[in-house]
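Report on the following structure.
What you are looking at is a predicted structure, and each value in this text was computed from that prediction instead of being measured.
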Amino acid sequence: MWHYLFVIFATLVATVAIGTDLPATAEEDTIRPAGDSDLSEFKWNKRALVVFADEAADPRFSEQIDLIEAQIDDLIERDVVVLTDTNASALSPVRRKLRPRSFMLVLVGKDGTVYLRKPFPWSVRDLSRSIDKMPLRQQEIRSRRGDQ
């Protein structure tokens, strides 16, 4: 009798779990459209990597997103949020502030400073190296090691 009740209970739990929304993965939280985002909302919490293109079909944009997705964990480790903006006609707050021309990759530090602008796709390895040279990132590395 208990075995039957257990099977029925497990089936109900599985059915309810299938119908509920699962939490977003780290990648979904890390890569998102710029939309109405303002860079000031990330100040002191996240580094912003903004990928601009005039349209989503731009092959440079696709290549950059593929490079990012292939090594997303390296960016997550460095507190990076990736914002994408592929609508040149809709002037988002991020687009107005950074003023890209066609495809552009912009790295903004936690302090709000623009550290890097590239008119072509860049590998996550190169991005990680640039981030690791930032003063605040150096401090984070020392803190994790316990050096302070």
Side-chain angles (χ1 to χ4, degrees), residues 9-148:
F9 179 75
T11 304
L12 286 172
V13 169
T15 304
V16 170
I18 290 170
T20 60
D21 291 333
L22 298 174
T25 64
E27 183 177 330
E28 290 171 347
D29 288 342
T30 303
I31 302 174
R32 56 186 173 202
D36 293 329
S37 295
D38 188 0
L39 292 176
S40 64
E41 70 187 81
F42 303 110
K43 196 166 186 176
W44 304 117
N45 294 315
K46 296 275 187 187
R47 292 173 181 90
L49 179 64
V50 189
V51 183
F52 291 104
D54 288 344
E55 54 189 56
D58 186 329
R60 296 170 295 181
F61 177 78
S62 298
E63 179 184 353
Q64 184 64 66
I65 296 302
D66 289 344
L67 289 169
I68 290 169
E69 288 175 343
Q71 293 182 292
I72 194 74
D73 292 339
D74 291 344
L75 296 177
I76 292 170
E77 178 184 331
R78 289 166 176 81
D79 297 329
V80 174
V81 62
V82 179
L83 301 175
T84 60
D85 187 335
T86 57
N87 189 350
S89 60
L91 290 174
S92 67
V94 175
R95 188 173 282 271
R96 275 191 301 250
K97 180 170 182 161
L98 298 176
R99 298 181 182 191
R101 290 189 172 91
S102 188
F103 176 86
M104 184 173 286
L105 178 70
V106 181
L107 177 62
V108 181
K110 286 185 175 181
D111 60 355
T113 303
V114 174
Y115 282 94
L116 179 73
R117 286 179 181 263
K118 294 291 175 184
F120 48 83
W122 241 36
S123 72
V124 171
R125 180 179 179 195
D126 290 333
L127 287 166
S128 296
R129 286 180 183 168
S130 292
I131 292 169
D132 289 344
K133 292 177 186 176
M134 294 178 180
L136 190 54
R137 176 66 179 154
Q138 290 290 313
Q139 183 181 356
E140 292 169 356
I141 292 169
R142 284 191 301 273
S143 294
R144 287 185 184 160
R145 283 191 302 201
D147 293 351
Q148 283 190 347

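Atom CZ of F52 sits about 10.0 Å away from atom OG1 of T84, to the nearest 0.5 Å. Summarising the geometry, atom CZ belonging to F61 is positioned 10.0 Å from atom CG belonging to D66; distances are rounded to the nearest 0.5 Å. Atom CH2 of residue W122 and atom CG of residue L105 lie 8.0 Å apart, to the nearest 0.5 angstrom. One distance of note links CD of E69 with CG of L75; it measures 11.0 Å at 0.5 Å rounding. To the nearest 0.5 Å, the span separating CG on D85 from CG on L98 amounts to 9.5 Å. Between the CZ atom in R99 and the CZ atom in R96 there is a gap of 10.5 Å [rounded to 0.5 Å].
L116 places none of its side-chain heavy atoms less than 4.5 Å from the side chain of V106. Using a 4.5 Å cut-off on side-chain heavy atoms (C-beta onward), Q64 and F120 make no contact. Under the 4.5 Å side-chain criterion, counting only non-hydrogen atoms from C-beta, V80 is not in contact with K46. Looking only at side-chain heavy atoms (C-beta outward), L49 and V108 stay at 4.5 Å or farther from each other.
In this structure a side-chain-to-backbone donor-acceptor pair under 3.5 Å is missing from R60 to P121.
When all heavy atoms of S62 and A56 are compared, the pair lying nearest together is OG-O, 4.0 Å. Smallest separation of non-hydrogen atoms from R47 and L136: NH2-C, 4.0 Å. Scanning all heavy atoms of the two residues, the minimum distance from G35 to S92 falls at O-CB, 3.3 Å. Taking both residues in full, the closest heavy atoms of M134 and L107 are given as CE-CD2, 3.3 Å, listed atom of the first, atom of the second, then distance. Taking all atoms of both residues into account, the shortest heavy-atom contact from P33 to L83 is O-CD2, 4.4 Å.
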Dump the intermediate steps for side-chain contact (heavy atoms from CB on, under 4.5 Å) on T30 and I72, then the final yes or no. CA-CA 8 Å; T30 303; I72 194 74; 3.7 Å; yes
Steps toward side-chain hydrogen bond (donor to acceptor under 3.5 Å, both in side chains) verdict (R32, S37): CA-CA 10 Å; R32 56 186 173 202; S37 295; 5.3 Å; no
I68 and I31: CA distance, side-chain angles, deciding distance, side-chain contact (heavy atoms from CB on, under 4.5 Å) verdict: CA-CA 9 Å; I68 290 169; I31 302 174; 3.8 Å; yes
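For residues 107-120, the set of pairs meeting the side-chain hydrogen bond (donor to acceptor under 3.5 Å, both in side chains) definition, not counting sequence neighbours, comprises D79-K110, K110-E140, D111-T113, D111-Y115.
A side chain to side chain contact (heavy atoms under 4.5 Å, CB included) with R129 holds for exactly one of I131, D126, D132; it is D126.
Listed by chain and residue number, D74, V124 satisfy the side-chain contact (heavy atoms from CB on, under 4.5 Å) test with Q71 (two or more places apart in sequence, or in another chain).
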